[in-house]
Colleague: 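Handing you a structure now.
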Amino acid sequence: MPALPTIALFLLAALVLLVIPGPAVMNIVTCSVARGRRAGLICVAGTELAGLIHTTAAALGLSALLMSSAAAFSTVKYAGAAYLIYLGTRALLGGEENQRAAALAPRSVSQLFTRGFLVNLLNPKTALFFLAFLPQFVDPARAPAAAQIFLFGAMYVALAFCTDGAYALLAGTVGQWLKGNARLRKPHRYITGSVYIGLGLTAAFAGSEKK
């Protein structure tokens, strides 16, 4: 079991990092604005499940294997980028009438959950982050390193559920206001599509260098 001061320092550092929006947070916000707070929270659940998988991979050393293989890294990176660009293109090409129909017909729980899961799982930068960040707080003298990495990762995911959930609730509230303003519906569609495409292009052209 890590020392309490170490756990406190880890939670503080994790909180600072989590309040800075990344691709997963932007996906949650976009989902919440488009479909409401409930949809955003479902997306959060999928996002955090992917976080647990990254945590387990880091504890078992799979993240190190991914980072050491250029082919594996590129495959995951481009798959994630393609998925984000697909989401953005679909939003941009959707007509206004289709957008209204989509707003009235709630997306299934499985689709919302899968979107959050895939956006976070297919981001190799997340794997690199867990591999680089979590071991900084490990004390080999107190417990097996793998167990400590998994513990810190689980705490990080639990904290992420709270911060991402707050983003979802806030964005969902804003989304209700946007839906009530007809003049903002079309710009909102373009903003949503542009956000996803921008995230996809960023992921595609991001290098794998450790900084």
Colleague: Could you state the interatomic distance from CZ (R142) to OG1 (T6), rounded to the nearest 0.5 Å?
Modeller: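 OG1 of T6 is found 7.0 Å from CZ of R142.
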Colleague: I need the F10 CZ to L134 CG distance, nearest 0.5 Å.
Modeller: 5.5 Å
Colleague: Got a sec, which residues hit side-chain contact (heavy atoms from CB on, under 4.5 Å) with F117, two or more places apart in sequence or on another chain?
Modeller: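 For F117, the residues satisfying side-chain contact (heavy atoms from CB on, under 4.5 Å) (neighbours in sequence not counted) are L49, A50, I53, L121.
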Colleague: Side chains of S108 and Q111: donor-acceptor distance under 3.5 Å anywhere?
Modeller: yes
Colleague: Is a side-chain N or O of H54 found less than 3.5 angstrom from the main chain of N120, in a donor-acceptor match?
Modeller: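 Side chain of H54 to backbone of N120: a pair is present.
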Colleague: Are the side chains of V119 and N123 in touch, meaning some heavy atoms are under 4.5 Å apart?
Modeller: no
Colleague: Does Y156 form a side-chain contact (heavy atoms from CB on, under 4.5 Å) with T55? I'd like the steps, not just the answer.
Modeller: CA-CA 9 Å; Y156 184 90; T55 295; over 6 Å; no
Colleague: Is any side-chain heavy atom of V109 less than 4.5 Å from a side-chain heavy atom of R38?
Modeller: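 Counting from C-beta outward, V109 and R38 do come under 4.5 Å.
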Colleague: Looking at residues at least two apart in the chain, or sitting in another chain, which of them share a side-chain contact (heavy atoms from CB on, under 4.5 Å) with L170?
Modeller: none
Colleague: Do L4 and M155 share a hydrophobic cluster (ILVMFWY, side-chain heavy atoms under 4.5 Å, transitive)?
Modeller: yes
Colleague: Should the pair F137 and F152 be assigned to parallel (<30°), tilted (30 to 60°) or perpendicular (>60°) ring geometry?
Modeller: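 Rings of F137 and F152: tilted, as their planes differ by 30° to 60°.
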Colleague: Give, for atom CZ of R115 and atom OG1 of T30, the distance between the pair rounded to the nearest 0.5 Å.
Modeller: 8.5 Å
Colleague: Return the minimal non-hydrogen interatomic distance between C31 and L112, and the atom names on each side.
Modeller: SG-CD2, 3.5 Å
Colleague: Does A158 have any side-chain contact (heavy atoms from CB on, under 4.5 Å) partners at least two apart in sequence or in another chain, and if so, which?
Modeller: none
Colleague: Hey, what do you get for OG1 (T47) to CD1 (I28), rounding to the nearest 0.5 Å?
Modeller: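 If we round to the nearest 0.5 Å, T47:OG1 and I28:CD1 are 4.0 Å apart.
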Colleague: Taking all atoms of both residues into account, what is the closest heavy-atom pair of G40 and S32, and its distance?
Modeller: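 Minimum heavy-atom separation between G40 and S32: CA-OG, 3.0 Å.
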Colleague: Which heavy atom of F130 sits nearest to which heavy atom of G153, and what is that distance?
Modeller: CE2-CA, 4.4 Å
Colleague: Count I, L, V, M, F, W, Y as connected when their side-chain heavy atoms are under 4.5 Å apart, and connections chain through other members. Are L118 and F113 then in the same cluster?
Modeller: yes
Colleague: Side chains of E48 and L52, heavy atoms from C-beta outward: is any pair under 4.5 Å?
Modeller: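 A side-chain contact under 4.5 Å is absent here.
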Colleague: How close do G116 and N27 get, counting heavy atoms only, and between which atoms?
Modeller: CA-ND2, 3.7 Å
Colleague: Examine L60 and F150 and state if one hydrophobic cluster contains both, with Ile, Leu, Val, Met, Phe, Trp and Tyr joined whenever side-chain heavy atoms are less than 4.5 Å apart.
Modeller: no
Colleague: Are the side chain of Y167 and the backbone N or O of V19 linked by a donor-acceptor pair below 3.5 Å?
Modeller: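 Yes.
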Colleague: Taking all heavy atoms of V157 and all of G51, pick out the closest pair and write down the distance.
Modeller: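 In this case the closest contact between V157 and G51 is CG2-C, 3.7 Å.
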Colleague: Find the distance between CG (L159) and CG (L18) and round it off to the nearest 0.5 Å.
Modeller: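 Those atoms lie 5.0 Å apart.
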Colleague: Do L15 and L169 share a hydrophobic cluster (ILVMFWY, side-chain heavy atoms under 4.5 Å, transitive)?
Modeller: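 Looking at the clustering, L169 is in a separate group from L15.
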